[in-house]
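In this chain, residues are counted from 1 in sequence order.
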Amino acid sequence: MTLTTNGIVFSSLKYGDDSLIVRIFTRAAGLKTYMVKGVLKSRRGKLKPAYFQPLTQLEMVVSHRENANMHYIREARISLPYTNLPTHWTKQAIVMFLAEVLTKSIREEEKNEPLFDYLATSLQWLDAHEEVVNFHLVFLMQLTKYLGFFPDTSGIKESYFNLVDGVFEKEAGIHPVIQGQELVHFKTLLGTHFEALKTVQLSKQERRDLLGHVLSYFEVHLQGFNQPKSLAVLHEVFS
């Protein structure tokens, strides 16, 4: 089946001397794996290695084979050229980190247009704005809405957040919780959107601690999720 769709590159892996295996989240068909043959050596081909950098947004013509694990890209072009994402060091660290988180989080082989649109518009926002130091925190928390485990905020005035049940509680039970000043920051994060990032004031340590809690929340609710290897690079950039 031949299909025209937009896609967001999650990861690419060199295969042999000149090919790539690429994981792309497509708007029309969910997450798919593609073999891109000869792309690393062919200078005149329609497909370029630069198309398959993490979180690049593409418009593609693809061939999908029923019940196959690997598919093929017939044509591709960059649908949204980023202005400064590829050269801005801080944004590049965020991109590498988020690409790894998305690879570990999203495994849907069915289309999910609201999730795709959220990813696409969020990356456009990241490219266009300079105040991005807390972008990844807001991005991950809003992402939980599309993954099905956004916190229940009905008891948000309570003193503890239960990471396992995803609810606010009056008392700490047997499950891991967020409390104290870290809970204050967590509550602020829940109500923040990208346009309000300037209002989020966190020290380097507070940002690191809050990210640790958010990643722990992902670990609890996503089977097989573990700490991203790129986390160390992200911490280094923000230090």
Side-chain angles (χ1 to χ4, degrees), residues 1-89 91-113 115-124 126-127 136 139 143 222 224-234 237:
M1 177 180 68
T2 300
L3 184 68
T4 299
T5 181
N6 283 9
I8 299 172
V9 177
F10 279 6
S11 66
S12 63
L13 177 68
K14 186 177 180 182
Y15 181 79
D17 293 330
D18 58 4
S19 301
L20 292 173
I21 295 176
V22 188
R23 299 274 282 171
I24 299 179
F25 187 63
T26 70
R27 192 173 194 273
L31 185 63
K32 297 296 180 183
T33 301
Y34 298 95
M35 170 69 76
V36 191
K37 292 184 176 180
V39 68
L40 299 179
K41 285 191 175 180
S42 175
R43 296 183 178 180
R44 297 183 179 180
K46 294 180 179 180
L47 303 178
K48 309 295 184 183
Y51 293 174
F52 305 107
Q53 297 300 308
L55 302 190
T56 300
Q57 298 190 42
L58 300 174
E59 182 179 321
M60 308 180 296
V61 178
V62 298
S63 293
H64 287 174
R65 298 180 299 168
E66 189 174 357
N67 299 322
N69 294 323
M70 193 83 67
H71 308 281
Y72 295 91
I73 300 174
R74 299 177 61 179
E75 299 176 26
R77 69 176 186 86
I78 294 178
S79 61
L80 179 78
Y82 295 129
T83 303
N84 65 0
L85 217 55
T87 57
H88 192 292
W89 175 241
K91 292 183 181 182
Q92 264 299 291
I94 293 174
V95 163
M96 296 302 293
F97 171 74
L98 293 182
E100 188 177 358
V101 170
L102 290 170
T103 299
K104 293 173 179 289
S105 303
I106 298 174
R107 303 183 179 91
E108 299 183 34
E109 295 188 4
E110 302 270 337
K111 72 175 181 180
N112 186 332
E113 292 179 352
L115 173 57
F116 182 91
D117 293 343
Y118 168 70
L119 300 182
T121 56
S122 297
L123 292 169
Q124 291 174 37
L126 176 62
D127 182 58
H136 56 296
F139 176 92
L143 178 62
L222 292 175
F225 185 93
N226 50 33
Q227 292 287 315
K229 295 179 180 178
S230 55
L231 181 60
V233 175
L234 190 70
V237 168

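For Ser105, the side chain to side chain contact (heavy atoms under 4.5 Å, CB included) partners are Val101, Leu147, Phe218, Leu222, Phe225, not counting sequence neighbours. Under the rule for a salt bridge (Lys or Arg N to Asp or Glu O under 4.0 Å), the partners of Lys111 that lie at least two apart in sequence or sit in another chain are Glu113. The side chain to side chain contact (heavy atoms under 4.5 Å, CB included) test applied to Ala232 returns no partner, not counting sequence neighbours. Under the rule for a side chain to side chain contact (heavy atoms under 4.5 Å, CB included), the partners of Thr2 that lie at least two apart in sequence or sit in another chain are Val61, Ser63, Arg74. Residues passing the ring pair (Phe, Tyr, Trp, His ring centres under 6.0 Å) test with Phe52, sequence neighbours excluded: none. Phe139 pairs by the ring pair (Phe, Tyr, Trp, His ring centres under 6.0 Å) definition with Tyr118, Phe135, not counting sequence neighbours. Remark: Asp117 engages Arg27 in a salt bridge (Lys or Arg N to Asp or Glu O under 4.0 Å) (not counting sequence neighbours). Among residues two or more places apart in sequence or in another chain, the side chain to side chain donor-acceptor pair (under 3.5 Å) test is passed with Gln53 by none. When the ring pair (Phe, Tyr, Trp, His ring centres under 6.0 Å) test is applied to His88, no partner is found at least two apart in sequence or on another chain. In this view, Glu75 satisfies the salt bridge (Lys or Arg N to Asp or Glu O under 4.0 Å) rule with no residue, not counting sequence neighbours.
Within the 3.5 Å criterion, the main-chain N or O of Leu80 finds no donor-acceptor partner in the side chain of Gln57. No side-chain donor-acceptor contact under 3.5 Å links Arg65 to the backbone of His71.
Remark: Leu143 CG to Leu102 CG distance equals 6.0 Å, nearest 0.5 Å. Note that the CG atom of Leu58 and the CD1 atom of Ile78 stand 6.5 Å from one another [nearest 0.5 Å]. Interatomic distance, NZ of Lys32 versus CG of Asn69, reported as 9.5 Å (0.5 Å rounding). The CG atom of Leu47 sits 6.5 Å away from the CD1 atom of Ile73 when rounded to the nearest 0.5 Å. In this structure, Leu98 CG and His136 NE2 are separated by 8.0 Å, a value rounded to the nearest 0.5 Å. Taken from CG in Asn84 to CG in Leu126, the straight-line distance is 8.0 Å, to the nearest 0.5 Å.
Between Met96 and Val233, the closest side-chain pair of non-hydrogen atoms is not below 4.5 Å. Looking at heavy atoms from C-beta onward, Asn112 lies out of side-chain contact with Ile106 at the 4.5 angstrom threshold. Side-chain contact between Thr26 and Val62: absent, with no pair of heavy atoms (C-beta onward) separated by less than 4.5 Å.
The minimum heavy-atom distance between Thr103 and Ser11, with the atom names listed, is OG1-CB, 4.2 Å. Closest approach of Arg107 to Leu31, counting heavy atoms only: CA-CD2, 3.8 Å. Here the shortest heavy-atom pairing between Ala28 and Thr5 reads N-OG1, 3.1 Å. The minimum heavy-atom distance between Leu3 and Ala29, with the atom names listed, is CD2-CB, 4.3 Å.
Each ring-ring contact (aromatic ring centres under 6.0 Å, His included) pair with one or both residues in residues 21-41, not counting sequence neighbours, appears once here: Phe10-Phe25, Tyr34-His64.
In this structure, Tyr15 places its OH atom where only 12 or fewer heavy-atom neighbours from other residues, nucleotides or ligands lie under 6.0 Å away. The 12-atom threshold is exceeded at NZ of Lys104, counting heavy atoms of other residues, nucleotides or ligands nearer than 6.0 Å. Other residues, nucleotides and ligands place more than 12 heavy atoms under 6.0 Å from the CE atom of Met60.
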Show me the donor-acceptor pairs, under 3.5 Å and distance only, between side chains in residues 16-23 and residues at least two apart or in other chains.
residue: Ser19; atom: OG; partner: Gly38; partner atom: N; Å: 3.0
residue: Arg23; atom: NH1; partner: Thr33; partner atom: OG1; Å: 2.7

